[in-house]
J.: 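Here it is: the structure, laid out below.
Protein chains get the first letters and strands the later ones, always in sequence-line order, with residue 1 at the start of each.
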Amino acid sequence: MTKRVLIAGATGGIGQACAHLYASQGYSLMLTGRDQVKLDSLQQNLTDTYSVQVETAILDVNQIDDFKPAFMQVQKRLSGLDVLVNCAGSLYESSLMTSKIEDIQQQLQQHLTSSILLAQFASRFMARNKTGGSLVFISSVVAMQGSPGQSVYACAKSGLLGLTKSLAKELGSQQIRINLVEPGFIETPLVKHYSQEKRAQIASQTCLKRLGKAQDVAELIGFLTSDAASYITGQSFAVDGGLTLSNGSS
Amino acid sequence: MSQLEQLKNAFVTALGVEEYEVKDELAYSEHVKWDSTAHMVLIAELESEFEIMLDTDDIIDMSSFAKAKEILAKYEVRI
């Protein structure tokens with residue numbers, strides 16, 4: 001039977017890479033995001049390239065009222081769900097003293113609360129499957145390493161580790177697996193404001209002396225949600241070129 | 001099959017209880033088989049059986065078979 005995947009934040013860099021990967025593997029896709037024009041464009045691109053079912057739904061993870069209608073579309077269009085990947089989120093950079101309360105709350109909603117809500121809805125679909133299902137959340141190497149000016153972002157992302165491990169224990173008996181991916185510096189629109197000098201500096205700090213691509217992250221996500229990873233749950237995996245290993249020095 | 005029978009069957013399937021146990025008094029946490037995991041399976045079964053999507057508040061409130069009948073009526077399930 002064709003597997004079904006929901007990608008939240010599908011029009012972002014990692015989301016698009018995941019969409020292409022799953023489409024190339026014959027999955028039926030539900031792409032969600034905030035911008036219908038971007039969703040339509042991605043849908044067209046995928047259906048032009050692959051012979052798969054591609055559906056779209058508006059789901060702004062900042063809007064609690066968007067979740068239920070999006071999952072009703074999953075029920076209506078895909079009749080169930082096997083995989084969920086949450087790629088939605090933005091990088092908030094501000095010093096402790098200049099972080100506004102509304103921005104702090106939005107980061108927590110966007111990364112943490114949204115992941116909880118997505119898991120609530122997705123697990124209800126996956127519990128119907130004999131083979132369960134798989135969820136992947138996207139964290140960041142910043143979550144475990146910390147970064148000045150990114151305390152709020154790091155705080156929200158690090159909360160996903162506790163969520164991942166707890167859900168692995170809570171949902172494991174239903175064969176629902178949850179894993180966490182921690183990208184390092186990946187060249188996506190999220191970091192397009194970084195200067196060339198800053199990029200070169202970060203690349204030099206990795207073991208591999210280069211920056212990552214969205215495809216690098218998508219490949220790991222694809223593996224974790226595949227049957228090949230059917231005994232892996234509650235784990236966290238960095239895709240960072242060795243950035244977090246002693247600054248890449250030999 | 002009536003929708004009441006559908007509902008009873010959903011409870012039997014999801015909770016793994018005997019049909020005779022499915023009565024109004026059957027309650028969450030009071031029957032050994034209706035724990036938090038079984039509750040999730042029950043919600044999944046009800047949503048699948050009746051093609052509905054329950055609100056979170058209703059999932060939390062669904063604390064007995066009697067309450068389930070009351071809640072499902074809101075979703076136009078005729079019990």
J.: Would you compute the distance between atom NZ of Lys76(A) and atom CD of Glu51(B) and round it to the nearest 0.5 angstrom?
T.: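 Spacing of NZ (Lys76(A)) from CD (Glu51(B)) equals 12.0 Å.
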J.: For Lys74(B), does the NZ atom have more than 12 heavy-atom neighbours from other residues, nucleotides or ligands under 6.0 Å away?
T.: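 Counting neighbours around NZ of Lys74(B), more than 12 heavy atoms of other residues, nucleotides or ligands fall under 6.0 Å, so yes.
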J.: Just wondering, are more than 12 heavy atoms of other shown residues or ligands nearer than 6.0 Å to CG in Asp48(A)?
T.: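 Yes, because the 6.0 Å sphere around CG of Asp48(A) holds more than 12 heavy atoms from other groups.
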J.: Within a reach of under 6.0 Å around CD of Glu76(B), are more than 12 heavy atoms found that belong to other residues, nucleotides or ligands?
T.: no
J.: Taking atom CD of Gln120(A) and atom CE of Met40(B), what is their separation to the nearest 0.5 Å?
T.: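 So the gap between those two atoms works out to 11.5 Å.
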J.: Check the pair Thr56(B), Lys68(A) against side chain to side chain contact (heavy atoms under 4.5 Å, CB included), reporting the backbone distance first and the verdict last.
T.: CA-CA 10 Å; Thr56(B) 303; Lys68(A) 186 174 175 179; over 6 Å; no
J.: Please classify the contact of Ser36(B) with chain A as side chain, backbone, both or neither, using a heavy-atom distance under 4.5 Å.
T.: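 Looking at Ser36(B), nothing touches chain A.
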J.: Taking the side chain as every heavy atom from C-beta outward, state whether Phe121(A) and Met53(B) have any pair of such atoms under 4.5 Å apart.
T.: yes
J.: A side-chain contact here means heavy atoms from C-beta on lying under 4.5 Å apart; do Val41(B) and Arg128(A) qualify?
T.: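 No - every pair of side-chain heavy atoms lies 4.5 Å or more apart.
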J.: So, for Arg124(A) and Leu54(B), which heavy atoms are closest and what is the spacing to 0.1 Å?
T.: NH2-O, 3.0 Å
J.: Within a radius of less than 6.0 Å around CD of Gln25(A), do more than 12 heavy atoms belonging to other residues, nucleotides or ligands occur?
T.: yes
J.: Which atoms of Leu171(A) are under 4.5 Å from chain B, going by heavy atoms: the side chain, the backbone, both sets, or neither?
T.: side chain
J.: Flag yes if more than 12 heavy atoms outside Lys38(A) fall under 6.0 Å of its NZ atom; otherwise flag no.
T.: no
J.: Quick check on Lys3(A): does its NZ atom have over 12 non-hydrogen neighbours (other residues, nucleotides or ligands) under 6.0 Å away?
T.: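 Yes.
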